[in-house]
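Reading through the structure tokens given below for one structure.
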There are 2 protein chains.
Amino acid sequence: MPLDDDAMPPQFGDSHWTEVSSRILGLVVSGDLPPGSWIRENDLAGRLGVSRTPIREAFRELVGVGVVEVVPRRGTRVRSYDAEEIEQIYRSRAVIEPYVMSESVGRLTEDDFSSLSELSEQMKSLGSDPTTRHHIASVNNEFHAIFIRSSAAQSLISTTYNLMIPIVVAKLFASYSDNDVSSSMNHHDELIAAARAEDKEWVAAVSKTHIISGLNRFKAMQIEQTPGHDDLQ
Amino acid sequence: MPLDDDAMPPQFGDSHWTEVSSRILGLVVSGDLPPGSWIRENDLAGRLGVSRTPIREAFRELVGVGVVEVVPRRGTRVRSYDAEEIEQIYRSRAVIEPYVMSESVGRLTEDDFSSLSELSEQMKSLGSDPTTRHHIASVNNEFHAIFIRSSAAQSLISTTYNLMIPIVVAKLFASYSDNDVSSSMNHHDELIAAARAEDKEWVAAVSKTHIISGLNRFKAMQIEQTPGHDDLQ
DNA sequence: TAACGATTGATTGTATGCAACTTGTTGTTT
DNA sequence: AAACAACAAGTTGCATACAATCAATCGTTA
């Protein structure tokens, strides 16, 4: 252990952010702060009822998860992603996530497994009801978080979360059809099975499948929705 | 392009940090702020001749590159890495860096190539003189930065830099023998050749070789120096 | 003497005010 | 009319002051 006492720093999987950061993220994911738009520190401070100081600190934290970008002496704006960037993000995830998840093999506890099963069931019920479907994203995150935080590849953990760009994932889940949902659920069940079998290669393969199928779901979404508009959103 | 004008956010490869951040990094790399130690905002503010506000903002930026960790309501301390973590970091780099660098194939300009050659020569001269050898780290960073910032895998760029933990890399280079230096130089020349040949697989292979040889150099260093002490430093 | 609790000092979190810079506009010049 | 320069409004960067919280010490009690 690198630390000389048990105080651990905040991790993203714990959704253990500061109050202000998570509220800003909420505004971005909800589309209230649209991609590409500049965020005036004063405006946000007024809206959130705090001063500019915590706002500025939150911006620095949110840079790390790709939600905003800070341009010195110009300001901060919501990061926007075009279709090509999103494809690259998925391809990058397809490189590292299989590795990260496979490195959790043999390190998941029985508690972890029961949580995984529970979350899997929960997602199935959420997925069958279109009105609650947008909640899947957070449950899905929790599912993956269990694998990721148990990984031996600790140094890639925050990286892995960084690539699960909140706004991208949220939009994607919202567009899932029944078929997409059940396919995604199957991947999750198979991930559990592969982890129980302690087969790194199997875990890596399922993980890769999961991501690439997500990428293709995204591409389909692009075509369906806005053949002209490339940007998200 | 995702941005509606040409103002680009700071990137790490540009060593385009804020004044305060880079000075703090300097204190950490030099060992002046030892790993594991808490950093009092007031102390640093006094030492750097600024107020606590920019210090706190710099801390948030440095979390992203693994230099410090912020524990809410407790403070900020220098991140420390034990041998096992460092090995995991190298193994992670061995997964993603070959991909990132190979994705720069076909995107390097003639200017890039001449910079690469120049930097390679510069490193050779620095490497042959033990008194200037500690400067290699920054030149080496610049070399890799050219590949990395040209990569199509934009979203992994900051990630890649994050794994080149400054303090780890600095210590490693300082310990290089003449043989290690020339071996490293060979890798660089071969990277240039592979990129010129526009052979992704070749670039990826050389990159992987480079990283794993670095890992083993690190392991050797551990044994040589402090058979008892595991932590860096 | 050991364990528990209150108090004090130190440290972080936040608000506010001012200085520096950036940008858009207006007025001048060619 | 177009280009350029000076000005003004707005915005960020930083310093300082105060409030909230944490940790350690000291005193009390079983």
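When reading the values below, keep in mind they use all heavy atoms of this one structure, side chains included, and skip hydrogens, waters and symmetry mates. Chain letters run A, B, ... following the sequence lines, proteins first, then strands; residues in each count from 1. Note that the coordinates shown come from a computational prediction; the quantities given were computed from them, not determined experimentally.
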Exercise. Would B:Arg47 and B:Asp32 count as a salt bridge (charged side-chain N to carboxylate O under 4.0 Å, His left out) if you check the C-alpha gap in whole Å, the side-chain angles of each, and the deciding distance to 0.1 Å?
Worked result: CA-CA 12 Å; B:Arg47 262 171 98 171; B:Asp32 209 332; 3.1 Å; yes
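- Remark: P of C:dT12 and CD of B:Glu57 are 16 Å apart, rounded to the nearest angstrom.
- Both tests hold for A:Arg93 against A:Tyr90: distance to the six-membered ring centre under 6.0 Å, angle to the ring axis within 45°.
- Rounded to a whole Å, the CZ atom of A:Arg60 is 9 Å from the P atom of D:dC14.
- Ion pairing between B:Glu85 and B:Arg79 holds under the 4.0 Å rule for side-chain N and carboxylate O.
- A:Leu44 has its CG atom 15 Å from the P atom of C:dT14, to the nearest Å.
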For this session: Please assess A:Glu87 against A:Lys219 for the test side-chain contact (heavy atoms from CB on, under 4.5 Å), listing each intermediate value before the final yes or no.
Result: CA-CA 8 Å; A:Glu87 170 148 7; A:Lys219 286 179 163 178; 3.1 Å; yes
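- Note on B:Arg56: a side-chain N or O is less than 4.0 Å away from OP1 or OP2 of C:dG13.
- Comparing C:dA15, D:dA15, C:dG13 by their nearest atom to the side chain of B:Arg73 picks out C:dG13.
- D:dG13 atom P lies 6 Å from atom CD of A:Glu41, rounded to whole Å.
- Put simply, B:Arg40 has a side-chain N or O that comes within less than 4.0 Å of OP1 or OP2 on C:dT12.
- Put simply, B:Arg52 has no side-chain N or O that comes within less than 4.0 Å of OP1 or OP2 on C:dT12.
- The CG-C1' distance, from A:Asn42 to D:dT12, rounds to 10 Å in whole Å.
- Note on A:Ile55: nothing from the nucleic acid sits closer than 4.0 angstrom, heavy atoms only.
- Atoms CZ (B:Phe59) and C1' (C:dT11) sit 12 Å apart, rounded to a whole Å.
- In terms of phosphate contacts, B:Thr53 brings no side-chain nitrogen or oxygen within less than 4.0 Å of OP1 or OP2 of D:dC14.
- Following rounding to the nearest Å, A:Trp38 (CH2) and C:dG24 (C1') show an atom-to-atom distance of 15 Å.
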